[in-house]
Amino acid sequence: MIDIGFGTFCTSADGRISTNHTFRIKNLIFEKVMESFNANLRDLFRLLDLCKKEGIEIFRLGSNFIPYASHSLFKQEWLSKIEPSLIEAGDKIKQNYNIRITMHPGQFIILNSPKKEVLENSLRELKYHFWVLDTLGIGEDGIVIIHIGGVYGDKKRAIERFINNVNENKWLKRRLAIENDEKMFTAQEVLAIAKTLELPFVFDLLHHKLNPSSFPMEEIIKTWNGKGIPKFHLSSMGEGKKGIHGEYVNFEDFIELIKMLRDTGIKKVHLMIEAKQKEKAIKKLKDQIVIRNR
DNA sequence: TCGAGTCAAGTTCAG
DNA sequence: CTGAACTTGACTCGA
C-alpha cells in the first residue's frame, strides 16, 4: 500500500481565505504591497491551520504572495522591509506545522522563449519565488514548478533552448521542478529533459491524458532522488468544457494514477489535488478511499 | 451589495 | 483575427 500525502493550494474551498490578495498595477506603492502581503501572510496561517486540521501534508503558496515583487516598478528595497516578517513566519511554520510548501508560478514563466526579454522576466520571477522560499527557511523539498514553455514551430530547438537556459543559470537547479503540459510537452519529453538537467519531474495525470505518451514511471520517480517525496498532480476534467479543472477529483482518475505508481514499489508520494473544491475535494477522496478499503 | 468586466506578463489553438 | 485556456481568482466599478 502506498502512503499518500495530499496537498492543496492558494485558497480555501469557499474562496474566503487566500494567499493571492493583490491590487492593480497602476496603484503600485509600498503601502498597497504591504496591505496585500499582510493579508496573504495572515491567510497563509489560516490555511496552514486548515491543512493541519484536515491532515493535509503539502501546500502550494500563491505567486501573488508579494504582489508585483518581480515587476520593474517594484523597488527592491521593499523586499528588505518585508524580510523580517518572512523570517518570523518561517520560524513559526517550522515550530507549529509539519507541512511541505511549494510554489507554481504562472504561464508567463517561459525559460525557452526566443525573446530575451521574456527569458529575463521569467528569471526575475523565479528569483522572487526562490527568495520567498529561502527567506521562509523552506527546505530543499520546497520546489518551484514550471512547464517547459512554447514550441515556436521547432520542438527540438525549443527543448535545446530550455536546457541551455537552465544550464546557464545553475542556481535554478536548487528548487526548479518541471511538469508535463496538456498541449505541447508530453511526459516522455519532459522526462528526457528532467534526466538531462537532473531536475525532478512533477507528473500531471490530467495533462498526460490530454497529451499522451509512453514512458516508464520508475524513471519519473528516479528524478526525485534526494529532492523530497515524489510529487504528482491529480485533477479531473470540469463538466462540459475540456481542460478546465473540475470541482472534485473523479475517483477513477485517482485509481488510474495509483495503478501507475503501484508497480514501481514506491512507498510514499505527495498528491497535489488541483480541484476547485480544494480541501473539500481531498476530504471526499479520502472518504472514498476508506469506503473502498472496507 | 452584487454582478459584470477587467486584470503585468506568453503562447497556442479552436472557432 | 479573437477569445479562451493554462497558472489562480481577486479587484473594481457602476447599478
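Chain letters run A, B, ... following the sequence lines, proteins first, then strands; residues in each count from 1.
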Please identify each residue that fulfils side-chain hydrogen bond (donor to acceptor under 3.5 Å, both in side chains) with K195(A), with sequence neighbours left out.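 Checked K195(A) against side-chain hydrogen bond (donor to acceptor under 3.5 Å, both in side chains); matches are E219(A).
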All side-chain hydrogen bond (donor to acceptor under 3.5 Å, both in side chains) counterparts of R124(A), not counting sequence neighbours: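 Scan of R124(A) (side-chain hydrogen bond (donor to acceptor under 3.5 Å, both in side chains), adjacent residues dropped) gives N121(A).
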When you measure from the side-chain N and O atoms of H147(A) to the phosphate of dC6(C), is any distance below 4.0 Å, counting only OP1 and OP2?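 For dC6(C), OP1/OP2 do not have a side-chain N/O of H147(A) under 4.0 Å.
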Side-chain N or O of S113(A) versus OP1/OP2 of dT11(B): is the shortest distance under 4.0 Å?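 Answer yes for this pair, as a side-chain N or O of S113(A) is under 4.0 Å from OP1 or OP2.
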What integer number of Å spans the [atom1] atoms of [N] and [M]?
N      : M       : atom1 : result
dA8(B) : dT12(C) : P     : 10 Å
dA4(B) : dC6(C)  : C1'   : 23 Å
dC1(C) : dC7(B)  : P     : 23 Å
dG5(B) : dA5(C)  : P     : 15 Å

Does [X] come within less than 4.0 Å of [Y], counting only side-chain N to carboxylate O?
X       : Y       : answer
E140(A) : K227(A) : no
E54(A)  : K286(A) : no
K92(A)  : E88(A)  : no

Excluding sequence neighbours, so at least two apart, what forms side-chain contact (heavy atoms from CB on, under 4.5 Å) with F30(A)?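 With neighbours one apart ignored, the set is M34(A), W78(A), K81(A).
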Test side-chain contact (heavy atoms from CB on, under 4.5 Å) applied to T196(A) - qualifying residues, sequence neighbours left out: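 T196(A) satisfies side-chain contact (heavy atoms from CB on, under 4.5 Å) with I163(A) once adjacent residues are dropped.
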Dot-bracket pairing map - DNA chain B, Watson-Crick plus G-U, both contacts under 3.5 Å, | cross-strand: |||||||..||||||
H104(A) vs H147(A) aromatic rings, parallel, tilted or perpendicular, using cut-offs 30° and 60°?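 Rings of H104(A) and H147(A): tilted, as their planes differ by 30° to 60°.
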In whole Å, what is the span from the [atom1] atom of [X] to the [atom2] atom of [N]?
X       : N       : atom1 : atom2 : value
D43(A)  : dG9(C)  : CG    : P     : 14 Å
L210(A) : dA5(C)  : CG    : P     : 14 Å
L73(A)  : dC7(B)  : CG    : C1'   : 16 Å
F74(A)  : dA9(B)  : CZ    : P     : 18 Å
H104(A) : dG9(C)  : NE2   : P     : 12 Å
N211(A) : dT12(B) : CG    : C1'   : 13 Å
Y68(A)  : dA10(C) : OH    : P     : 14 Å
N64(A)  : dA8(B)  : CG    : C1'   : 10 Å

DNA chain C-proximal residues of residues 22-31 of chain A, any heavy atom under 4.0 Å: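 Under 4.0 Å from DNA chain C: T22(A), R24(A), N27(A).
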Please confirm whether Y68(A) and F23(A) have ring centers closer than 6.0 angstrom.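 Judged by ring-centre distance (under 6.0 Å), Y68(A) and F23(A) do meet the cut-off.
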What's the closest nucleotide to the side chain of H21(A) if the choices are dA8(B), dG9(C), dA10(C)?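 Given the options dA8(B), dG9(C), dA10(C), the side chain of H21(A) is closest to dA10(C).
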Picking from dC13(B), dT11(B), dA10(C), which would you name as closest to the side chain of S18(A)?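 In terms of side-chain proximity for S18(A), the closest of dC13(B), dT11(B), dA10(C) is dA10(C).
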So what does [X] hit on the nucleic acid, given a heavy-atom distance under 4.0 Å: a base, only sugar-phosphate, or nothing?
X       : answer
Y152(A) : sugar-phosphate
N121(A) : nothing
G150(A) : sugar-phosphate
E274(A) : sugar-phosphate
S122(A) : nothing
T11(A)  : sugar-phosphate

With the six-membered base ring of dA9(B) as reference, does the ring of F108(A) sit under 5.5 Å away with planes under 30° apart?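 By the stated criterion, F108(A) and dA9(B) stack.
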Within the structure provided, determine whether N180(A) and N211(A) are in side-chain contact (heavy-atom separation under 4.5 Å).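 Answer no - side chains too far apart.
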Under a 3.5 Å threshold, yes or no: a donor from one side chain and an acceptor from the other, between S63(A) and H129(A)?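 The criterion, which ignores hydrogens and geometry beyond distance, is satisfied for H129(A) and S63(A).
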